[in-house]
Q: 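Sending over a structure as structure tokens; questions will come in a sec.
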Amino acid sequence: MVKTNKILLVDGMALLFRGYYATAFRGNFMKTSKGVPTNGIYQFLRYFLDAVEKFAPTHVICCWDMGSKTFRTDLFAGYKANRGEPPEELIPQFDLIKEVVAAFDMPNVGIENFEADDCIGTLAQHFNHEHDVIILTGDQDILQLVDKGISVAIMKKGQGNYDLFTVGNFYEKRGIAPKQVIELKGLMGDTSDNYPGVKGIGEKTALKLIQEYDSIDNMLANIDQLPKGVRNKIEANLDMLHLSKELAKIKCDVPVSCPLDTALWQYDKAKINNKFLELEFKHLTKLIG
């Protein structure tokens, strides 16, 4: 079957935070004449429009987190508890960026109690049977979604640099299959999301165990074969091992949907120009043609 549509799923919060910090470290908050900071939005748009030019999607959907409380924080109170409040200059940009996305006639998708990752996973698996899906993010967790018809473009340092993961190149790049990312995270944990995995097991050991045993379940079925030190660490942290795996897994069955005809990449230049004028983005008008 020839797939004529190419759907770009954008991890909105990943782009916004990346854009904010890429400019804020120089103290460049880009405020409007009314004093509203816009630096994260401005850089988000530069990243986003570059990706659209590079990957040439027919449809685009932007997914968002809907607050810090999710089913994962219910499972583990420490989940992402290492993250402080967002910077004061970023807070007004959360709602504004969604207005900008809407100005492109692009759907904003999010659902309470779940993360953007879960929305992306659900939509990707819904669309990939009949269409090609590309996920744009800076988040390595999303690599577990790579599948037939689903590729992940990880943003790298600078603008216009991507590490593109596909079913064809994933093993060569990572040494495991995409779904085994969940197993790996279960063992080694994730410092950025603040769950520990098995205390004392780092990425190198975790990777070796998954390459040898394929899964945590199979590793536990053969636990007597493990070196004593590794076995002792796992047996002392069994509950956290299973919990970390649960936290790492992106849910692909959340109650979210997006009719494809609402996501066609086709915008009204006048509407966008008006939004850019409101935000005083004179330099961006040339990027939309």
Side-chain angles (χ1 to χ4, degrees), residues 6-67 85-110 116 119-120 123 134-139 142 153-164 258 262-289:
K6 187 189 288 186
I7 303 166
L8 182 68
L9 299 179
V10 179
D11 184 350
M13 213 60 94
L15 265 69
L16 183 63
F17 270 87
R18 190 183 188 93
Y20 174 84
Y21 286 112
T23 49
F25 81 96
R26 301 190 210 102
N28 176 19
F29 296 116
M30 284 186 67
K31 296 185 179 181
T32 67
S33 53
K34 293 180 181 176
V36 179
T38 56
N39 64 310
I41 297 170
Y42 181 85
Q43 197 61 34
F44 173 106
L45 286 165
R46 293 195 61 177
Y47 291 148
F48 169 68
L49 292 170
D50 178 88
V52 166
E53 185 179 354
K54 181 171 182 65
F55 298 113
T58 56
H59 299 74
V60 186
I61 301 167
C62 197
C63 295
W64 301 96
D65 296 331
M66 301 294 284
E85 290 296 312
E88 187 181 339
E89 293 84 4
L90 183 56
I91 292 170
Q93 300 185 59
F94 289 141
D95 288 336
L96 262 178
I97 185 59
K98 290 179 184 175
E99 291 179 17
V100 173
V101 166
F104 279 93
D105 295 322
M106 182 165 61
N108 284 303
V109 172
C119 296
I120 289 170
L123 292 174
I134 298 178
I135 300 168
L136 177 66
T137 185
D139 183 358
I142 287 184
I154 298 284
M155 300 169 68
K156 296 172 72 178
K157 193 171 182 181
Q159 189 174 308
N161 299 319
Y162 307 93
D163 199 357
L164 189 65
C258 182
T262 67
L264 190 65
W265 180 242
Q266 185 177 317
Y267 52 80
D268 180 341
K269 291 176 189 173
K271 190 195 292 191
I272 295 165
N273 276 327
N274 286 337
K275 198 68 189 173
F276 284 1
L277 282 171
E278 178 192 322
L279 296 171
E280 298 167 20
F281 288 165
K282 295 173 191 168
H283 299 300
L284 285 181
T285 52
K286 65 180 181 292
L287 295 181
I288 59 165

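For the single chain, residues carry numbers from 1 onward in sequence order. Side-chain atoms are counted along with the backbone in the values below, which use heavy atoms only and exclude waters and symmetry mates.
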Q: Specify the closest pair of heavy atoms between Asp65 and Met13, including all atoms of both residues, with the distance to one decimal.
A: O-CE, 3.9 Å

Q: Sequence neighbours left out, what passes side-chain hydrogen bond (donor to acceptor under 3.5 Å, both in side chains) with Lys31? Give chain and number order.
A: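 Applying side-chain hydrogen bond (donor to acceptor under 3.5 Å, both in side chains) to Lys31 gives none.
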
Q: Measure across Cys119 and Gly110 and return the closest heavy-atom pair with its distance rounded to 0.1 Å.
A: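 Here Cys119 and Gly110 meet closest at SG-CA, 4.0 Å.
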
Q: Taking side chain to side chain contact (heavy atoms under 4.5 Å, CB included) as the definition, give me every residue that meets it alongside Pro92, ordered by chain and number, with sequence neighbours left out.
A: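 Applying side chain to side chain contact (heavy atoms under 4.5 Å, CB included) to Pro92 gives Pro37.
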
Q: Which residues pass the side-chain hydrogen bond (donor to acceptor under 3.5 Å, both in side chains) test with Thr137, not counting sequence neighbours?
A: Asp11

Q: Is Phe44 close to Val100 at the side-chain level, that is, under 4.5 Å between some pair of heavy atoms?
A: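 SC-SC contact between Val100 and Phe44 ruled out.
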
Q: As an exercise, state the distance from CZ of Phe17 to CD of Gln93, rounded to the nearest 0.5 Å.
A: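 It comes to 10.5 Å.
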
Q: Of all residues at least two apart in sequence or in a different chain, which pass the side-chain hydrogen bond (donor to acceptor under 3.5 Å, both in side chains) check with Trp265?
A: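 Residues passing side-chain hydrogen bond (donor to acceptor under 3.5 Å, both in side chains) with Trp265: none at all.
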
Q: Do Leu45 and Phe104 come close enough that some side-chain heavy atom pair is under 4.5 Å?
A: yes

Q: Which residues pass the side-chain hydrogen bond (donor to acceptor under 3.5 Å, both in side chains) test with Glu99, sequence neighbours left out?
A: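 Residues passing side-chain hydrogen bond (donor to acceptor under 3.5 Å, both in side chains) with Glu99: Lys275.
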
Q: Atom NZ of Lys157 and atom CZ of Arg18: how far apart are they, to the nearest 0.5 Å?
A: 10.0 Å

Q: Sort out for me which residue in Leu9, Val10, Leu8, Ile120 forms a side-chain contact (heavy atoms from CB on, under 4.5 Å) with Ile61.
A: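 With Ile61 as partner, side-chain contact (heavy atoms from CB on, under 4.5 Å) holds for just one option, Leu9.
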
Q: Once salt bridge (charged side-chain N to carboxylate O under 4.0 Å, His left out) is applied, do any residues pair with Asp50, and if so which ones, sequence neighbours excluded?
A: none

Q: Taking only residues two or more places apart in sequence, or in another chain, which ones meet Glu280 in a salt bridge (charged side-chain N to carboxylate O under 4.0 Å, His left out)?
A: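 Checked Glu280 against salt bridge (charged side-chain N to carboxylate O under 4.0 Å, His left out); zero matches.
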
Q: Would you say the side-chain atoms of Thr58 pair up with the backbone N or O of Lys6, donor to acceptor, closer than 3.5 Å?
A: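 The answer is yes, because a donor-acceptor pair under 3.5 Å joins these two groups.
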
Q: For the backbone of Tyr42 and the side chain of Thr38, can you confirm whether one donor and one acceptor N or O come within less than 3.5 Å of each other?
A: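 No, because the side chain of Thr38 does not come within donor-acceptor range (under 3.5 Å) of the backbone of Tyr42.
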
Q: When rounded to the nearest 0.5 angstrom, what is the spacing between CG in Leu279 and CG in Asn274?
A: 11.0 Å

Q: Please report the shortest heavy-atom distance between Cys62 and Gly12, naming the atom on each side.
A: SG-CA, 3.7 Å

Q: If you compare all heavy atoms of Lys271 against all heavy atoms of Asp105, which two are closest, and at what distance to 0.1 Å?
A: NZ-OD1, 2.7 Å

Q: What are the two closest non-hydrogen atoms of Ala103 and Ile272, and how far apart are they?
A: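 Smallest interatomic distance, heavy atoms only, reads O-CG1, 3.5 Å.
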
Q: So, do Val60 and Phe48 sit near enough that their side-chain heavy atoms are less than 4.5 Å apart?
A: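 Contact flag for Val60/Phe48 side chains = yes.
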
Q: Any chance you could measure Met30, atom CE, to Glu89, atom CD, to the nearest 0.5 Å?
A: 14.0 Å

Q: Which residues pass the salt bridge (charged side-chain N to carboxylate O under 4.0 Å, His left out) test with Asp268, sequence neighbours left out?
A: none

Q: Of all the heavy-atom pairs spanning Leu123 and Cys258, show the shortest one and how long it is.
A: CD2-N, 4.0 Å

Q: If you define the side chain from C-beta out and look only at heavy atoms, does anything of Met155 sit under 4.5 Å from Leu15?
A: yes

Q: Listed by chain and number, what are the salt bridge (charged side-chain N to carboxylate O under 4.0 Å, His left out) partners of Lys54, not counting sequence neighbours?
A: none

Q: Would you check if Tyr20 and Pro86 make a side-chain contact, meaning some heavy-atom pair closer than 4.5 Å?
A: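 Answer no - side chains too far apart.
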
Q: Let me confirm one number: the CD-CG distance from Glu85 to Leu90, rounded to the nearest 0.5 Å.
A: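 Reported to 0.5 Å precision, the distance equals 11.5 Å.
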
Q: Could you check whether any side-chain heavy atom of Arg46 comes within less than 4.5 Å of a side-chain heavy atom of Leu284, counting everything from C-beta outward?
A: yes

Q: Partners of Tyr162 by ring pair (Phe, Tyr, Trp, His ring centres under 6.0 Å), sequence neighbours excluded?
A: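 Listed in chain order: Phe55.
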
Q: Could you grab the distance from atom CD1 of Ile41 to atom CZ of Phe94, nearest 0.5 Å is fine?
A: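 Ile41 atom CD1 to Phe94 atom CZ measures 10.5 Å (nearest 0.5 Å).
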
Q: Just by modelled atom types, is the Thr23 backbone N or O under 3.5 Å from a matching donor or acceptor in the Asn39 side chain?
A: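 Here the side-chain-to-backbone pair does not exist.
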
Q: Taking only residues two or more places apart in sequence, or in another chain, which ones meet Tyr47 in a ring pair (Phe, Tyr, Trp, His ring centres under 6.0 Å)?
A: none

